[in-house]
Amino acid sequence: MAYGVTDGQPMVRTRFAPSPTGELHIGSVRTALFSWLAAKHAGGQFYIRLEDTDQERYVAGSTRRILETFDWLGIRLDGGPDHATLRRMKTDEDYPGALEDGSYQGIPGPFIQSQRLPVYQQWAGWLIEHGYAYRASETAEEIEHMRAEAMARKETFRFREEMRLRTDVRPDEPHVVRMRIVPRQGVTRFHDLVKGDVAFENANLDDQVLIKADGFPTYHLAVVVDDHLQGVSLALRGDDWLSSAPKHVLLFQYFGWDMPQLAHVPNVLGDDSRKLSKRHGATSVFELRDQGYLPEAVINFLSLLGWAPGEGDEQNVFTIPELISKFDVNHIGSSPAVFSPTKLDWLNGVHIRRLSEDDLTQRLIPIVREAGIALDTAEQLDKLRRAVPLIQERMKTLLDAVPLIDFMFFDIAVPTREALTGQKMDEAESLEALRQTRDLLAQLPEFENAPMEQAMRALADRLHLKPRQLFTIVRNAVTGKDVTPPLFGTLSVIGRAATLQRLDRAVGVLER
RNA sequence: GCCCUCAUCGUCUAGUGGACCAGGACGCGGCCCUUUCAAGGCCAAAACAUGAGUUCGAAUCUCAUUGAGGGCACCA
């Protein structure tokens with residue numbers, strides 16, 4: 001397992017290597033999470049490397065978005081950006097300085113592949129010198145033509161050295177560098193931590209382009225060179241890479257470098273068991289964040305997509321430290337997992353309930369403000385603070401808080417007569433009940449939960465009403481809703497003045 | 001077409017030849033608690049894709065079939 005060596009100690013080092021081509025997909029985030037957990041479990045390092053070798057697909061600002069994703073999740077990188085700087089950046093800025101640094105925590109940089117071009121050129125040259133690669137100058141059109149001919153013969157097209165139109169390509173003329181498959185026959189095998197032993201016939205591998213005509217490396221060269229130079233001991237990636245893995249294995253062999261351990265993790269699928277896409281709602285963690293999910297819950301949920309502690313351990317709810325201590329790459333499942341919004345909801349509720357009241361209050365503040373509820377005065381903040389214990393176990397997402405508390409801050413619409421008339425009661429009875437409630441609450445020495453409940457139960461008794469009959473009309477009168485947090489705690493947050501005022505108004509409605 | 005991968009309740013999964021007429025979790029249904037809604041507790045329904053084979057014995061091993069996914073770029 002140990003591959004890199006730091007200070008004489010074996011070191012597990014993993015990386016996440018996205019392309020800056022837009023929003024980070026949930027499946028990619030999960031792969032990154034697995035990588036991070038694997039590293040942290042072993043006390044190792046996790047870093048990020050930007051694979052921007054395709055200039056055409058580059059999307060401005062995506063590097064920043066990628067780094068923000070990790071920042072929000074609470075995943076700290078052992079190589080990469082400074083989080084404080086990151087938070088100060090503007091949206092359209094990209095490439096934070098820390099990623100460009102020469103090295104970080106002993107990991108040699110830069111961490112942006114476009115800044116490592118000479119490195120790839122150097123190693124491509126080495127391959128050519130040692131007979132593992134060659135120059136080729138066929139144009140895209142020529143290749144396309146060859147492909148069409150092969151298809152006409154119903155053959156699978158693979159570019160091979162023998163198919164070159166021009167041999168003896170000079171280094172100074174436009175060309176690409178292609179890898180030679182050596183040996184041409186035979187089988188390339190490797191062990192994948194997730195997929196097990198995998199074997200590919202060399203005859204089915206083509207002479208992959210390693211350096212493009214623009215001088216940029218392809219993924220295949222860059223990933224091998226960087227993983228080696230940066231001391232990656234365990235490489236996790238999506239299983240769509242499995243088919244090209246044998247080429248990477250061959251390159252490692254050509255170079256004479258030790259292979260990192262490979263783990264190809266399955267995709268995350270959407271509700272319809274198809275690949276997750278925009279049509280499935282949440283496709284980036286920012287959407288989840290905006291929908292009121294906690295990073296703790298997202299991490300917990302994602303870790304369970306394709307991984308389980310195994311060995312009879314049936315735990316489902318994990319803190320991040322628990323995940324770090326229990327995570328094991330060998331327990332990653334080999335089949336794709338479906339993203340289940342309902343399970344995420346449940347886990348989010350669980351993690352919300354685990355928060356301290358203070359913590360939850362802090363997280364609610366921006367959301368409540370966003371909903372248009374002012375929290376500028378100490379009094380308003382105190383109201384929220386007092387409401388939190390009443391709503392904590394009633395939320396699946398942070399957004400759920402808003403309808404649970406808005407009436408504590410805003411006045412409500414005038415209730416209808418129907419809403420103020422209790423079950424199996426007529427309007428006169430209901431009116432009398434509300435009047436007596438009003439008088440009772442006006443005289444109550446302490447406008448607090450317990451004494452209020454005691455007095456109100458006694459009142460219901462005197463009126464020969466069931467608590468439910470009385471409480472329901474009081475709830476409607478004061479909150480304007482038939483679903484609220486527990487009534488008396490709620491009234492106490494609303495305060496005596498507003499409560500009495502709303503009761504008076506309700507009495508007025510029935511008197512009319 | 002060729003190559004590769006995958007296949008246990010609706011979903012996430014446990015399970016590595018006997019302890020499995022398959023365990024847990026979400027969701028669903030019911031009950032309890034209860035001022036509404038939640039939370040919590042209890043109970044229930046619900047799966048080894050199919051077919052051969054190996055074996056005294058298979059969810060677990062092998063093969064085939066079917067289905068699903070991925071790859072076959074000077075994209076990652």
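Remember, predicted model here, so these are calculated numbers, not experimental data. Naming convention: chains lettered A, B, ... in sequence-line order (proteins, then strands); numbering from 1 in each chain. These numbers come from the heavy atoms of this one structure, side chains and all, not from hydrogens, waters or symmetry mates.
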Candidate pair A:Met456 and A:Leu470, rule side chain to side chain contact (heavy atoms under 4.5 Å, CB included), full reasoning: CA-CA 8 Å; A:Met456 286 291 288; A:Leu470 210 216; 3.7 Å; yes
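- Residues A:Gln230 and A:Phe111 meet the side-chain proximity criterion, which asks for heavy atoms closer than 4.5 Å.
- Using a cut-off of 4.0 Å between Lys/Arg side-chain N and Asp/Glu carboxylate O, A:Arg116 and A:Asp226 are scored as salt-bridged.
- Within the model, atoms CE of A:Met408 and CZ of A:Arg386 stand 9.5 Å from one another, a figure rounded to the nearest 0.5 Å.
- One atom, CZ of A:Phe318, and another, P of B:rC12, lie 17 Å apart when rounded to the nearest Å.
- At a threshold of 4.0 angstrom between heavy atoms, the contacts of A:Leu487 include nucleobase atoms, whether or not backbone atoms are also involved.
- Here A:Pro246 lies out of heavy-atom contact (under 4.0 Å) with every strand.
- Annotation: B:rG23 and B:rC48 have their P atoms spaced 13 Å apart (nearest Å).
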Under 3.5 Å, N/O pairs linking protein and nucleotides 74-76 of chain B:
unit_1: B:rC74; atom_1: OP2; unit_2: A:Arg178; atom_2: NH2; d: 3.3
unit_1: B:rC74; atom_1: O2; unit_2: A:Ala213; atom_2: N; d: 2.7
unit_1: B:rC74; atom_1: N4; unit_2: A:Glu138; atom_2: O; d: 2.6
unit_1: B:rC75; atom_1: OP2; unit_2: A:Lys212; atom_2: NZ; d: 3.1
unit_1: B:rC75; atom_1: O2'; unit_2: A:Asp54; atom_2: OD2; d: 2.8
unit_1: B:rC75; atom_1: O2'; unit_2: A:Arg57; atom_2: NE; d: 3.2
unit_1: B:rC75; atom_1: O2; unit_2: A:Arg57; atom_2: NH1; d: 3.4
unit_1: B:rA76; atom_1: OP1; unit_2: A:Thr53; atom_2: OG1; d: 2.9
unit_1: B:rA76; atom_1: OP1; unit_2: A:Lys212; atom_2: NZ; d: 2.7
unit_1: B:rA76; atom_1: OP2; unit_2: A:Tyr219; atom_2: N; d: 3.2
unit_1: B:rA76; atom_1: O4'; unit_2: A:Arg57; atom_2: NH2; d: 3.3
unit_1: B:rA76; atom_1: O3'; unit_2: A:Ser19; atom_2: OG; d: 3.0
unit_1: B:rA76; atom_1: O3'; unit_2: A:Glu51; atom_2: OE1; d: 3.2
unit_1: B:rA76; atom_1: O2'; unit_2: A:Ser19; atom_2: OG; d: 2.4

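- Following rounding to the nearest Å, A:Leu302 (CG) and B:rU13 (P) show an atom-to-atom distance of 12 Å.
- One can place NE2 of A:His351 at 16 Å from C1' of B:rA39, the figure rounded to the nearest angstrom.
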I'd like a table of atom pairs between the protein and nucleotides 64-66 of chain B - only N or O on both sides, under 3.5 Å - with the distance next to each one.
none

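- Atom NZ of A:Lys466 and atom P of B:rU36 are 12 Å apart (whole Å).
- Under 4.0 angstrom from either OP1 or OP2 of B:rG40 there lies at least one side-chain N or O belonging to A:Arg353.
- Regarding A:Met151, its CE atom lies at a distance of 10 Å from the P atom of B:rA73, rounded to whole Å.
- To the nearest whole angstrom, the two C1' atoms, one in B:rC31 and one in B:rA47, are 26 Å apart.
- Look at the C1' atom in both B:rA58 and B:rC43: the space between them is 32 Å, to the nearest Å.
- When the C1' atom is compared between B:rA46 and B:rU13, the two are found 15 Å apart, to the nearest whole Å.
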Protein proximity profile, nucleotides 1-9 of chain B - base contact B, sugar-phosphate-only contact S, no contact -, cut-off 4.0 Å on heavy atoms: BSSSSSS--
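- Judged by distance alone, the side chains of A:Gln469 and A:Gln423 never bring a donor and an acceptor atom under 3.5 Å apart.
- For the C1' atoms, the distance linking B:rU8 with B:rA14 amounts to 10 Å, nearest Å.
- Taking every side-chain heavy atom of A:Glu453 into account, B:rU35 is the closest of B:rU36, B:rU35, B:rU13.
- Sequence order on RNA chain B of the closest nucleotides to A:Pro485 and A:Gly312 puts A:Gly312 first from the 5' end.
- In terms of the ring-ring contact (aromatic ring centres under 6.0 Å, His included) criterion, residue partners of A:Phe327 (sequence neighbours excluded) are, by chain and number, A:Phe34, A:Trp307.
- Here salt bridge (Lys or Arg N to Asp or Glu O under 4.0 Å) pairs that include residues 139-148 of chain A, with residues two or more places apart or in two chains, are A:Glu142-A:Arg166, A:Glu144-A:Arg147.
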Evaluation steps, side chain to side chain contact (heavy atoms under 4.5 Å, CB included), between A:Asp239 and A:Val265: CA-CA 5 Å; A:Asp239 69 359; A:Val265 316; over 6 Å; no
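- As judged by a 4.0 angstrom heavy-atom cut-off over every strand, A:Arg468 is placed among residues touching the sugar-phosphate backbone only.
- Using C1' as the reference atom, B:rC20 and B:rC9 are 14 Å apart when rounded to the nearest Å.
- Checking B:rU36, B:rU13, B:rA39 against every side-chain atom of A:Glu393, the shortest atom distance belongs to B:rA39.
- Residues meeting the ring-ring contact (aromatic ring centres under 6.0 Å, His included) test with A:His351, sequence neighbours left out: none.
- Partners of A:Phe16 under the ring-ring contact (aromatic ring centres under 6.0 Å, His included) rule, at least two apart in sequence or in another chain, are A:Phe70.
- Using P as the reference atom, B:rA76 and B:rG71 are 14 Å apart when rounded to the nearest Å.
- Within the structure, side chain to side chain donor-acceptor pair (under 3.5 Å) pairs that include any residue of residues 478-491 of chain A comprise A:Asp406-A:Lys481, A:Arg475-A:Thr484 (at least two apart or interchain).
- Among residues two or more places apart in sequence or in another chain, the ring-ring contact (aromatic ring centres under 6.0 Å, His included) test is passed with A:Tyr293 by none.
- A:Glu311 comes within contact range of the sugar-phosphate backbone alone, with a heavy-atom separation under 4.0 Å but no base atom that close.
- Of the inter-residue distances, the one linking A:Ser340 atom OG with A:Leu304 atom CG reads 10.5 Å to the nearest 0.5 angstrom.
- Ionic pairing of A:Asp206 and A:Lys247 is present here: one or more N-O contacts between side-chain nitrogen and carboxylate oxygen are shorter than 4.0 angstrom.
- Across residues 292-300 of chain A, not one residue has a non-hydrogen atom less than 4.0 Å from an atom of RNA chain B.
- Note that the CG atom of A:Leu236 and the CG atom of A:Leu193 stand 8.0 Å from one another [nearest 0.5 Å].
- Residues meeting the side-chain contact (heavy atoms from CB on, under 4.5 Å) test with A:Glu311, sequence neighbours left out: A:His331.
- The C1' atoms of B:rC32 and B:rA39 are separated by 14 Å, rounded to the nearest whole Å.
- When the nearest nucleotides of RNA chain B are assigned to A:Gly306 and A:Asp206 by heavy-atom distance, the more 5′-ward of the two goes with A:Gly306.
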Candidate pair A:Thr499 and A:Arg496, rule side chain to side chain contact (heavy atoms under 4.5 Å, CB included), full reasoning: CA-CA 5 Å; A:Thr499 300; A:Arg496 195 191 309 252; 5.6 Å; no
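- Inspection of the A:Thr397 and A:Asn348 side chains reveals no N or O donor paired with an N or O acceptor under 3.5 Å.
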Could you write out each protein N or O paired with an N or O of nucleotides 23-27 of chain B at a distance under 3.5 Å?
unit_1: B:rG23; atom_1: O2'; unit_2: A:Glu314; atom_2: OE2; d: 3.1
unit_1: B:rG24; atom_1: O4'; unit_2: A:Glu314; atom_2: OE1; d: 3.2
unit_1: B:rG24; atom_1: O4'; unit_2: A:Glu314; atom_2: OE2; d: 3.1
unit_1: B:rA25; atom_1: O4'; unit_2: A:Asn316; atom_2: ND2; d: 2.8
unit_1: B:rC26; atom_1: O2'; unit_2: A:Lys343; atom_2: N; d: 3.4

